[in-house]
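Written out below as structure tokens is the structure these notes cover.
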Amino acid sequence: METGSRAIGSLEGGFDLATTLESGQTYLWRREDGRMYEGETGGSPWYYTVLPGTETATNEPEVLRVRQTDGEIEWVASTPNAYDRLSDLLRFEDDLDGIRGSLPDDRLVGRAFEAHRGMRLVRDPPFGCLISFICSAQMRVGRIHGMQTALAETYGETVRFDGEEYDAFPTPDAIASATEADLRELSLGYRAPYVRRTAGMVADGDADPTDAFGLDYEAARESLTRFVGVGQKVADCVLLFSLGYLEAVPLDTWIRTSIEEYYPDCERGTYAATSEAIRAQFGGEYAGYAQTYVFHHLRTGGEEA
DNA sequence: TAGATACCTTATAG
DNA sequence: ACTATAAGGTATC
């Protein structure tokens, strides 16, 4: 077990743990007080995630607990080098001020950044990210999160740490071994066969989300659509929230509405053409940061009268 | 290639 | 109480 703390004042543009984890870009963290998405971020709640155990010789899933207090973060972890792991998962290397400077200085983006200072993109484990965004179709964030929790509780390995039990995200094998009916029991609905078949592709070694690494953005997006239940939007989510393609802009209902109202010239009919236009509007390289700020800002009612 | 439709389930609005 | 609608879309025709 490793415990520690560290000042986060040196992170360019600041850091806000609660906003980062509750902004609908990751469904692989849980909040110990059970108040995820309620908007109550006071009291320095603990969050935790359980990472696939591929980094250690024992292959046991790694538990990582973290909270933010005044000017620092505090952690309790089952393995060493927790700060490095956090820095990777929560993109501490990103210079938020510099990124904002590369984005358009318009009212919507400006207000979104002012309202949620310190929100960072995440770098989720690829398989968990892939499954959770397949589940996201036509769902609200609270239910998407609930589905991932149900998957972990039902099919994930349980590990004991610091007197508590934690459920890892299921392996591809574990999900592929479930039946469609089993998964429908978890209220996955029509997503159940998508999740099962995609897990089977990964378990059988036919494809892996990390195969997209190294490809040009558009080729990477196309590559991910080979998974069942993955269209262009979910592919963009995996690229942005897991594989580090910060130019990816998932065109969800919120962003499509914002395009209608704020960037009508970017509406081009097809996903690919609209995507290209809005990425250019958002300055290219870090366009995905604008997407995530705008998404969270609109979803939490930030532009209501 | 572009357009229309079905799809699970739940929460919320009227 | 009951119905309509929408929720970070995708697959299929």
Side-chain angles (χ1 to χ4, degrees), chain A residues 19-29 36-39 108 112 116 119 121-122 124 128-151 154 178-201 207 209 221-242 245 248-261 267-276 278 282 287-304:
Chain A
T19 306
T20 297
L21 297 184
E22 299 195 42
S23 50
Q25 45 166 331
T26 174
Y27 299 97
L28 304 180
W29 289 79
M36 205 76 178
Y37 308 120
E38 291 181 21
L108 182 62
H116 308 290
M119 183 174 77
L121 281 170
V122 299
D124 270 351
C129 182
L130 178 65
I131 295 299
S132 54
F133 280 93
I134 289 173
C135 291
S136 76
Q138 300 289 104
M139 276 293 146
R140 297 171 194 249
V141 295
R143 289 201 54 212
I144 301 164
H145 188 263
M147 288 178 184
Q148 310 319 306
T149 301
L151 282 169
T154 309
T179 66
E180 178 183 329
D182 290 335
L183 296 175
R184 283 179 185 265
E185 286 293 307
L186 304 182
S187 296
L188 266 61
Y190 61 79
R191 304 156 196 80
Y194 300 165
V195 166
R196 197 185 76 81
R197 291 176 60 195
T198 285
M201 292 168 72
R221 191 179 67 191
E222 185 62 27
S223 164
L224 287 170
T225 63
R226 71 178 128 184
F227 293 104
V228 184
V230 178
Q232 314 224 67
K233 187 272 176 183
V234 170
D236 268 330
C237 290
V238 175
L239 290 176
L240 181 60
F241 303 134
S242 178
Y245 285 75
V249 175
L251 298 182
D252 56 73
T253 56
W254 293 97
I255 293 300
R256 285 182 178 278
T257 299
S258 76
I259 288 173
E260 279 181 38
E261 294 187 17
E267 177 50 57
R268 304 293 169 84
T270 69
Y271 188 101
T274 303
S275 167
E276 185 174 6
I278 195 65
F282 283 160
Y289 251 104
Q291 186 275 356
T292 299
Y293 269 89
V294 167
F295 170 83
H296 182 59
H297 187 57
L298 295 177
R299 198 186 64 76
T300 54
E303 287 299 305
E304 286 179 3

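Side-chain proximity of Y194(A) to dT10(C), dA2(B), dT9(B): nearest is dT10(C). Residue A137(A) has its side chain nearest to dG9(C) when only dT9(B), dG9(C), dA2(B) are considered. Side-chain atoms of R143(A) lie closest to dT9(B) of the nucleotides dC8(B), dT9(B), dA2(B).
With rounding to whole Å, Q138(A) atom CD is found 19 Å from dA4(C) atom P. Summarising the geometry, the separation between CH2 on W254(A) and P on dG9(C) is reported as 11 Å, rounded to the nearest angstrom. Put simply, CG on L188(A) is 10 Å from C1' on dT9(B), counting in whole angstrom units. When the C1' atom of dA7(C) is taken as reference, atom CG of L298(A) falls 16 Å away, rounded to whole Å. If you measure from atom CZ of R191(A) to atom C1' of dA6(B), you get 13 Å, rounded to the nearest angstrom. Going from atom CE of M147(A) over to atom C1' of dT10(B) covers 9 Å, rounded to whole Å. Atom CG in L183(A) sits roughly 14 Å away from atom P in dC8(B) (whole-Å rounding). Rounding to whole angstrom units, NE2 of residue H145(A) and P of dT9(B) are separated by 22 Å.
The closest side-chain heavy-atom distance from E276(A) to R268(A) is not below 4.5 Å.
Across all strands, F227(A) comes closer than 4.0 Å only to sugar-phosphate atoms, never to a base (heavy-atom distances). Residue contacts shown for S23(A) include a base, since a base heavy atom lies under 4.0 Å away.
A donor and an acceptor atom never sit less than 3.5 Å apart when one is taken from the side chain of Y271(A) and the other from the base of dG9(C).
Aromatic ring centres of Y289(A) and F282(A) lie farther apart than the 6.0 Å criterion allows.
Heavy-atom nearest nucleotides on DNA chain B were determined for G189(A) and for R140(A), and the one closer to the 5' end corresponds to G189(A). Toward the 5′ end of DNA chain C lies the nearest nucleotide of I255(A), the other residue of the pair R197(A) and I255(A) mapping further downstream.
At a threshold of 4.0 Å, the pair R184(A)-E180(A) counts as salt-bridged, since one of the basic side-chain nitrogens sits closer than that to a carboxylate oxygen.
A side-chain contact (heavy atoms from CB on, under 4.5 Å) with I255(A) holds for exactly one of E260(A), K233(A), Q291(A); it is Q291(A).
The separation of dT5(C) from dT5(B), taken at their P atoms, amounts to 15 Å, rounded to a whole angstrom. dA6(B) and dA4(C) have their P atoms separated by 15 Å, given to the nearest Å.
Open room surrounds CD on E185(A); 12 or fewer heavy atoms of other groups in view lie less than 6.0 Å from it. Counting heavy atoms of neighbouring residues, nucleotides and ligands inside a 6.0 Å radius, atom CZ of R299(A) exceeds 12 of them.
Nucleotide dT9(B) forms a Watson-Crick or G-U wobble pair with dA7(C), both donor-acceptor distances falling under 3.5 Å.
Dashed line: the shortest gap from a side-chain N or O of T253(A) to OP1 or OP2 of dA6(C) is not under 4.0 Å. At dC8(B), one or more side-chain N or O atoms of R184(A) fall inside 4.0 Å of OP1 or OP2 (strictly under the cut-off).
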